[in-house]
Amino acid sequence: MTPGGRGRGPGRGLAVVLAALAAAGVGCAFEDQKQLQVAARGEQGNFATYVQPVLATSCASLDCHGMAGRPLRLYAKHGLRMDAVLRGQEASEAELSANIASIAALDPDASSLEDNLLLLKPLAVKAGGMHHVGGDLWANQADPAYRCLHAWLRAGASDAIGQAVCKEAAP
Amino acid sequence: MKVVLPGFALVAGLIVMGLVGGCIGDSPEDQQAAALGNQRDGDPEHRPGQPCLACHSTEYSPGGGAFVLAGTIYMRAGDPDSAGVEGAEVIMKDKAGHQFTALTNRTGNFMVTVDSALDAPSQRARGRLRIPWQPVFPVEVSVGIDGVEKDMETLIWREGSCAGCHVGSQTGTDHVERVWFTDAP
């Protein structure tokens, strides 16, 4: 864990239990756990329309998360492809599902939505983010891309505001 | 720092094809350098088409000079690796707004080096461009020759070698083809 990173000691076991309950569909007492549901259910329609363009623009290039070996591995139009003939075309259903699965696997134990590595890594260290080899992409939590991914983790980018910020992040 | 290029699978393929001369070192960088073979090392026209920064980066530079951006430009997609095009312009613009242009040398190679003693970009010989600032990524790039211009739509976020992504004459799942200008024979 890098210095200044969040602690994950005692809370971790609880988070795993909650995650298991949420995955098993046993209620959802904690707002935080919705992120797991979103990933589990896929929410592919909204993902393709609102989230994939943001990832394609600023995360999924061949020299960043479009590399097979990265923990967060993303397929995209001009990035990594499942089949070379797809190059230049929008991400396929299978690629979108793989992107969602990769996001879900990135930080399943995050204790809160804001604590998910998907949001912490690109966020500037000064604004509470974590060191990211790809640099500080978002100066603070007001960045439209931050808000877009947050809206998706929270509720599948199903609300009008979430959808608007996603469009703003990847016009 | 581990260097893993998208074209690595191709490089690994070269090993299998027995094009490797010499020994394989221990680190991933040594292994990659060895896999790229031993070709007339030591001059700016060597190794066209290869990922220059694999051996010329600030982190690992058995090649001596450290480049921030470098690569090879071709006239046609199907040209042999060794036959890049001379005199092509490679126009780069970084996130800080610095724009600089390199000209390719006889094998189509160009390389950009940072020299903070300079006031402005300086092209000494064809191929070699020195700039006064460390470029800030992402970098926009386009190429031109004889009035033909091609822009890269997406950005270079980290990879300083064009051949980190532009490999060979065909696109693949993890790379695109070499940078070229025309379909004409």
Side-chain angles (χ1 to χ4, degrees), chain A residues 2 52-99 102 121-125 129 131-139 143 145 169-171, chain B residues 1-13 28 31-32 51-54 57-59 68-71 77 92 94-96 134-141 150-179:
Chain A
T2 40
Q52 174 69 15
V54 176
L55 301 175
T57 309
S58 39
C59 318
S61 64
L62 286 167
D63 52 352
C64 298
H65 292 280
M67 269 187 185
R70 296 273 145 146
L72 174 63
R73 190 225 35 227
L74 300 169
Y75 294 94
K77 186 173 176 183
H78 293 299
L80 185 66
R81 304 309 316 241
M82 282 186 173
D83 188 325
V85 302
L86 295 171
R87 187 157 294 292
Q89 296 173 32
E90 296 302 335
S92 68
E93 291 279 304
E95 289 176 330
L96 293 168
S97 300
N99 287 356
S102 185
K121 284 291 224 168
L123 182 61
V125 174
H131 172 72
H132 179 220
V133 178
D136 290 350
L137 296 180
W138 309 326
D143 190 288
Chain B
M1 165 99 208
K2 197 171 159 221
V3 177
V4 183
L5 298 166
F8 193 73
L10 288 189
V11 172
Q31 288 180 24
Q32 195 195 15
C52 315
L53 273 74
S57 73
T58 44
E59 279 115 24
V68 283
L69 288 153
M92 293 153 278
D94 78 355
K95 196 190 171 195
Q134 190 66 36
V136 183
F137 286 83
V139 169
E140 274 174 48
V141 58
K150 273 192 161 185
D151 303 327
M152 177 161 151
E153 262 177 63
T154 54
L155 303 171
I156 301 174
W157 289 86
R158 292 177 65 181
E159 173 58 67
S161 299
C162 306
C165 299
H166 292 273
V167 187
S169 58
Q170 250 148 18
T171 67
T173 55
D174 62 354
H175 68 274
V176 289
E177 79 258 32
R178 57 171 57 109
V179 183

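Every chain is numbered from 1, with letters handed out A, B, ... down the list of sequences. Every heavy atom of this structure was used, including side-chain atoms; hydrogens, water molecules and symmetry mates were not.
With sequence neighbours excluded, the residues that form a ring pair (Phe, Tyr, Trp, His ring centres under 6.0 Å) with A:Trp138 are A:Tyr146.
For B:Gln170, no part sits under 4.5 Å from any heavy atom of chain A, backbone or side chain. Using a 4.5 Å cut-off between heavy atoms, B:Thr171 contacts chain A through both its backbone and its side chain. Both the backbone and the side chain of A:Ser58 come within contact range of chain B, each with at least one heavy atom under 4.5 Å from a heavy atom of that chain.
In plain terms, the two heavy atoms of A:Leu137 and B:Trp157 that are nearest each other are CD2-CZ3, 4.1 Å. Nearest heavy-atom pair, A:Val133 versus B:Arg158, reported as atom, atom and distance to 0.1 Å: CG1-NH2, 3.1 Å.
To the nearest 0.5 Å, atom CG of residue A:Leu62 and atom NE2 of residue B:His166 are 8.5 Å apart. To the nearest 0.5 Å, the span separating SG on A:Cys64 from CG on B:Leu155 amounts to 10.0 Å.
Side chain of A:Arg87 to backbone of B:Thr173: a donor-acceptor contact under 3.5 angstrom is found.
Contacts between residues 76-86 of chain A and chain B, counted as heavy-atom pairs separated by less than 4.5 Å, involve A:His78, A:Gly79, A:Leu80, A:Arg81, A:Met82, A:Asp83, A:Ala84.
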